[in-house]
Amino acid sequence: MATSNASWLLLVVSLPTSSATGRMRIWRALKALGCMALRDGAYLLPAQGEHAARLKELADACAREGGSAWLLNASPHSADEADAYRQLFDRSADYAELRKSWKEANAGIASMAMPELARLQRKLQREFDALRAIDFFPGEARLEAEAAWTDFDKCVEAVLSPDEPHETEGRIARLDPARYQGRLWATRRKLWVDRVASAWLIRRFIDHDARFRWLAKPADCPKSALGFDFDGATFTHIGDRVTFENLMASFGLEDDPALVRLGAMVHSLDVGGEPVAEASGFEAMLAGARERLSDDDALLTEISGLLDSLYMHFMRGKPAGDVP
């Protein structure tokens with residue numbers, strides 16, 4: 001008698017040999033779904049979530065390619081058979097391969113240029129996310145991989161953003177810009193997204209006569225300076241807001257929709273979150289400017305022009321790529 005403690009989906013497909021492109025497209029889709037091949041043309045998948053609907057879409061695609069497909073429900077006939085089905089989806093070896101790639105990458109991250117390292121981090125994150133998405137029966141291998149990824153990610157972030165501020169809890173007080181004119185502001189040198197955008201925001205909207213000090217380490221911040229974007233600074237990360245967003249909130253700038261969109265872009269690039277269409281272009285321009293300019297004053301001047309242009313773009317309310 002069939003056991004009912006697990007339910008499975010079986011897709012049996014047959015495609016004409018002349019449809020090489022269609023065969024490859026469907027095979028890639030089956031692989032992305034996490035299907036396991038029982039034999040040529042027979043693919044198994046646990047009946048979870050949207051799997052039935054996705055396999056039905058692939059069956060329809062087979063028909064459009066001139067082939068045939070049958071989507072069937074399958075049940076194991078014994079506990080041993082159920083275990084055998086599950087073993088087909090054991091991802092331990094895949095996690096081991098990922099961990100090996102992280103270990104190899106970790107050996108060279110200190111010598112990599114920041115844009116290259118950021119691209120590598122995103123690539124490896126996508127690979128890890130893709131594997132977890134098809135790990136239908138997670139176990140010890142996944143837990144070990146998640147711990148290893150956390151360690152690797154911290155190593156990357158230490159190179160990308162040394163002395164990056166940690167999230168703190170607290171209330172954001174409303175401040176009077178008139179009391180913050182002609183001040184000395186200080187942040188970590190080798191400006192990156194949140195720091196350069198915050199410096200632009202300060203000079204453009206808060207303190208037009210602002211002077212800046214670029215610090216080798218946060219401990220070098222003068223007592224007379226207003227520190228930003230490091231632990232213990234006057235303005236830094238609070239809650240889930242980055243420094244740019246907290247400066248906006250502190251000085252009553254949140255009613256400006258263009259600044260809000262800039263803030264979303266900075267947030268996305270600095271700590272992640274909802275993607276912003278213009279973010280990758282800004283990151284590429286900033287990375288290129290950093291390669292050319294070793295002086296942070298010169299970098300701020302150049303990127304300020306770019307942020308001015310993005311601000312005007314956002315004021316028009318046009319999405320990226322929408323040219324009249």
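Positions are given from 1, in the same order as the sequence printed here.
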ask   = Would a 4.5 Å heavy-atom cut-off, applied to side chains only, mark D90 and F137 as touching?
value = no
inquiry  = Holding to salt bridge (charged side-chain N to carboxylate O under 4.0 Å, His left out), I want the full list of residues that pass it with E144, two or more places apart in sequence or in another chain.
reply    = R99
Atom pair CG (L262) and CD (E278), whose distance is rounded to the nearest 0.5 Å = 9.0 Å
note = Checking D296, T187, L286 against V196 for side chain to side chain contact (heavy atoms under 4.5 Å, CB included), the one that qualifies is L286
request  = Sorted by first residue and then second, give each salt bridge (charged side-chain N to carboxylate O under 4.0 Å, His left out) pair with at least one member in residues 100-128; sequence neighbours left out.
outcome  = R122-E283, K123-E127
inquiry  = Can a donor-acceptor pair be found, under 3.5 Å and without considering hydrogens, that links the side chain of S250 to the backbone of N246?
reply    = yes
query = Is there a chain of hydrophobic side chains (I, L, V, M, F, W, Y, each step under 4.5 Å between heavy atoms) that links L143 to L98?
reply = no
message = Between L184 and L215, is there shared hydrophobic-cluster membership here, with clusters defined by ILVMFWY side-chain heavy atoms closer than 4.5 Å?
response = no
request  = Check whether any side-chain heavy atom of L124 sits under 4.5 Å from a side-chain heavy atom of F152, and report yes or no.
outcome  = yes
ask   = Does E254 pair with R241 as a salt bridge, N-O distance under 4.0 Å?
value = yes
task = Check whether any side-chain heavy atom of F282 lies under 4.5 Å from a side-chain heavy atom of I303, and answer yes or no.
result = yes
task = Is it possible for you to say whether Y180 and I202 belong to one hydrophobic cluster, with membership spreading through side-chain heavy-atom contacts below 4.5 Å?
result = yes
message = Within the 4.5 Å heavy-atom criterion, are L201 and L259 side-chain neighbours or not?
response = yes
query = Between the main-chain N or O of H77 and the side-chain N or O of E81, is there a donor-acceptor pair closer than 3.5 Å?
reply = yes
Approximate separation, where rounding is to 0.5 Å, of L38 CG and L44 CG = 5.0 Å
key: Heavy-atom side-chain proximity of L45 to L11 below 4.5 angstrom   = no
D129/R132 salt bridge by N-O under 4.0 Å criterion = yes
key: Any V271 side-chain heavy atom under 4.5 Å of H237 side chain   = yes
message = Taking the ring of Y95 and the ring of W149, is the distance between their centroids below 6.0 Å?
response = no
ask   = If you measure from CG on D270 to OG1 on T243, what distance do you get to the nearest 0.5 Å?
value = 7.0 Å
request  = Please round to the nearest 0.5 Å and tell me the distance separating atom OG1 of T21 and atom CD1 of I26.
outcome  = 11.0 Å
message = Could you check whether any side-chain N or O of E245 sits under 3.5 Å from a backbone N or O of V242, counting only pairs where one atom can act as donor and the other as acceptor?
response = yes
Output a table of donor-acceptor pairs, distance under 3.5 Å, between side-chain atoms of residues 203-214 and any protein atom two or more places apart or on a different chain; print 'none' if there are none.
from : atom 1 : to   : atom 2 : distance (Å)
R203 : NH2    : A210 : O      : 2.9
R204 : NE     : D308 : OD1    : 3.0
D207 : OD1    : G182 : N      : 2.7
D207 : OD1    : D209 : N      : 3.2
D207 : OD1    : A210 : N      : 3.3
D207 : OD2    : G182 : N      : 3.2
D207 : OD2    : R183 : N      : 2.9
D207 : OD2    : W185 : NE1    : 3.0
H208 : ND1    : R203 : O      : 3.2
R211 : NH2    : G182 : O      : 3.4
W214 : NE1    : D297 : OD1    : 3.2

message = Could you tell me if the side chain of M248 sits less than 4.5 Å from the side chain of V260, heavy atoms only?
response = yes
query = Any sub-3.5 Å donor-acceptor pair from S111's side-chain atoms to G108's backbone N or O?
reply = yes
ask   = Which residue pairs satisfy the side-chain hydrogen bond (donor to acceptor under 3.5 Å, both in side chains) criterion with at least one member in residues 40-67, sequence neighbours excluded?
value = S19-E65, R25-E65, K56-D60
query = Does the ring center of F235 lie less than 6.0 Å from the ring center of F251?
reply = yes
message = Could you measure the distance from the CZ atom of R189 to the CG atom of L299? Nearest 0.5 Å is fine.
response = 14.0 Å
query = Quick one: do L33 and F128 end up in the same hydrophobic cluster if we chain Ile, Leu, Val, Met, Phe, Trp and Tyr together by side-chain heavy atoms under 4.5 Å apart?
reply = yes
query = Just by modelled atom types, is the P177 backbone N or O under 3.5 Å from a matching donor or acceptor in the Q181 side chain?
reply = yes
query = Are the side chain of S309 and the backbone N or O of G305 linked by a donor-acceptor pair below 3.5 Å?
reply = yes
Where A186 and C221 come nearest, the two heavy atoms and their spacing = CB-SG, 3.9 Å
Charged N-O contact under 4.0 Å between R188 and D229 = yes
ask   = Is any side-chain heavy atom of C35 less than 4.5 Å from a side-chain heavy atom of L88?
value = no
task = List for me each residue that meets salt bridge (charged side-chain N to carboxylate O under 4.0 Å, His left out) alongside R28, sequence neighbours excluded, and say none if there are none.
result = none
ask   = Who are the side chain to side chain donor-acceptor pair (under 3.5 Å) partners of D176, not counting sequence neighbours?
value = none
request  = Applying side chain to side chain contact (heavy atoms under 4.5 Å, CB included), run through C62 and L15 and close with a yes or a no.
outcome  = CA-CA 7 Å; C62 288; L15 285 165; 4.2 Å; yes
request  = Hey, could you give me the CD/OG distance between Q87 and S92, rounded to the nearest 0.5 Å?
outcome  = 8.0 Å
